[in-house]
Trainee: 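First, the structure itself, so that you have it in front of you.
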Amino acid sequence: MNYRVVEKNNRKYIDCFAAASPIQNDRGALELIALCGENRTDLLMINAEALASDFFDLKTGVAGQILQKLVNYHIKTAFVIIDEMRIKGRFKEMINESSRGNNFRAFVSHAAAEKWILSQS
């Protein structure tokens, strides 16, 4: 998993920008949670390139598994999905619904995702 620890405005988050083996289940989510714990942060940014394609197809259950783990461990997560073609159908509905809460959100730019993640307490 390719990631970096970003410190900005007295906040720290993990930026997972790619993965040799894309995150495809709750085990991958647990690895991210462990990274957050090791770096003493509950803020995470995941770029679409680090996610398995099944994540974007809600029928597979992959998104549900990953998101549930992140929510259970109180990790606030911003997903950066620049390719808006991936945000469609039921996945788009889920993303729209999630924007009402503070657990996770999806963004089409890294800057917007970072602004949101740094505003989380």
Trainee: Holding to ring-ring contact (aromatic ring centres under 6.0 Å, His included), I want the full list of residues that pass it with Phe107, two or more places apart in sequence or in another chain.
Mentor: Trp116
Trainee: Let me have the donor-acceptor pairs involving side chains of residues 17-36, under 3.5 Å, with sequence neighbours excluded, atom names and distances please.
Mentor:
from: Asn25; atom 1: OD1; to: Arg27; atom 2: N; distance (Å): 3.0
from: Asn25; atom 1: OD1; to: Gly28; atom 2: N; distance (Å): 3.2

Trainee: Please check if the side chain of Thr41 supplies one atom and the backbone of Lys12 the other of a donor-acceptor pair under 3.5 Å.
Mentor: yes
Trainee: Would you mind reporting whether Ile14 and Val5 have side-chain heavy atoms less than 4.5 Å apart?
Mentor: yes
Trainee: If you take all heavy atoms of Ile82 and Val108, which pair is closest and at what distance?
Mentor: CG1-O, 3.5 Å
Trainee: What is the minimum heavy-atom distance between Asp57 and Thr60, and which atoms define it?
Mentor: O-OG1, 2.8 Å
Trainee: Please tell me if the side chains of Leu51 and Ile46 come closer than 4.5 Å, counting only heavy atoms from C-beta onward.
Mentor: yes
Trainee: Examine the side chains of Glu7 and Tyr13 and answer whether a donor and an acceptor come within less than 3.5 Å of each other.
Mentor: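 Judged by distance alone, the side chains do not pair up.
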Trainee: Given side chain to side chain contact (heavy atoms under 4.5 Å, CB included), test Met94 with Leu67 step by step and report yes or no.
Mentor: CA-CA 11 Å; Met94 182 203 61; Leu67 293 172; 3.7 Å; yes
Trainee: Can you see which heavy atom on Leu118 is nearest to which on Arg11, and at what distance?
Mentor: O-NH1, 3.3 Å
Trainee: Which of parallel (below 30°), tilted (30 to 60°) and perpendicular (above 60°) describes Phe79 and Phe55?
Mentor: tilted
Trainee: To the closest 0.5 Å, what do you measure between CG (Leu70) and CD (Gln65)?
Mentor: 11.5 Å
Trainee: Could you walk me through whether Asp15 and His110 pass the side chain to side chain contact (heavy atoms under 4.5 Å, CB included) check?
Mentor: CA-CA 10 Å; Asp15 182 4; His110 189 273; 3.2 Å; yes
Trainee: Looking at Gln120 and Leu43, what are the two nearest heavy atoms and their distance?
Mentor: CB-CD2, 3.8 Å
Trainee: Could you check if a side-chain atom of Glu114 sits within less than 4.5 angstrom of a side-chain atom of Val6, using non-hydrogen atoms only?
Mentor: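 Side chain of Glu114 against side chain of Val6, heavy atoms only: contact under 4.5 Å found.
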Trainee: Just to verify, what does Phe56 make a ring-ring contact (aromatic ring centres under 6.0 Å, His included) with, not counting sequence neighbours?
Mentor: Phe91
Trainee: Measure from the side-chain N and O atoms of Lys76 to the backbone N and O of Asp42, and report whether any donor-acceptor pair falls under 3.5 Å.
Mentor: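 Answer holds: no.
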Trainee: With the side chain counted from C-beta on, respond yes when Phe104 and Val71 share a heavy-atom pair under 4.5 Å apart, and no when they do not.
Mentor: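 Yes - at least one pair of side-chain heavy atoms lies under 4.5 Å apart.
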Trainee: Ignoring hydrogens and angles, tell me if any N or O in the side chain of Asn47 forms a donor-acceptor pair with the backbone of Cys16 under 3.5 Å.
Mentor: yes
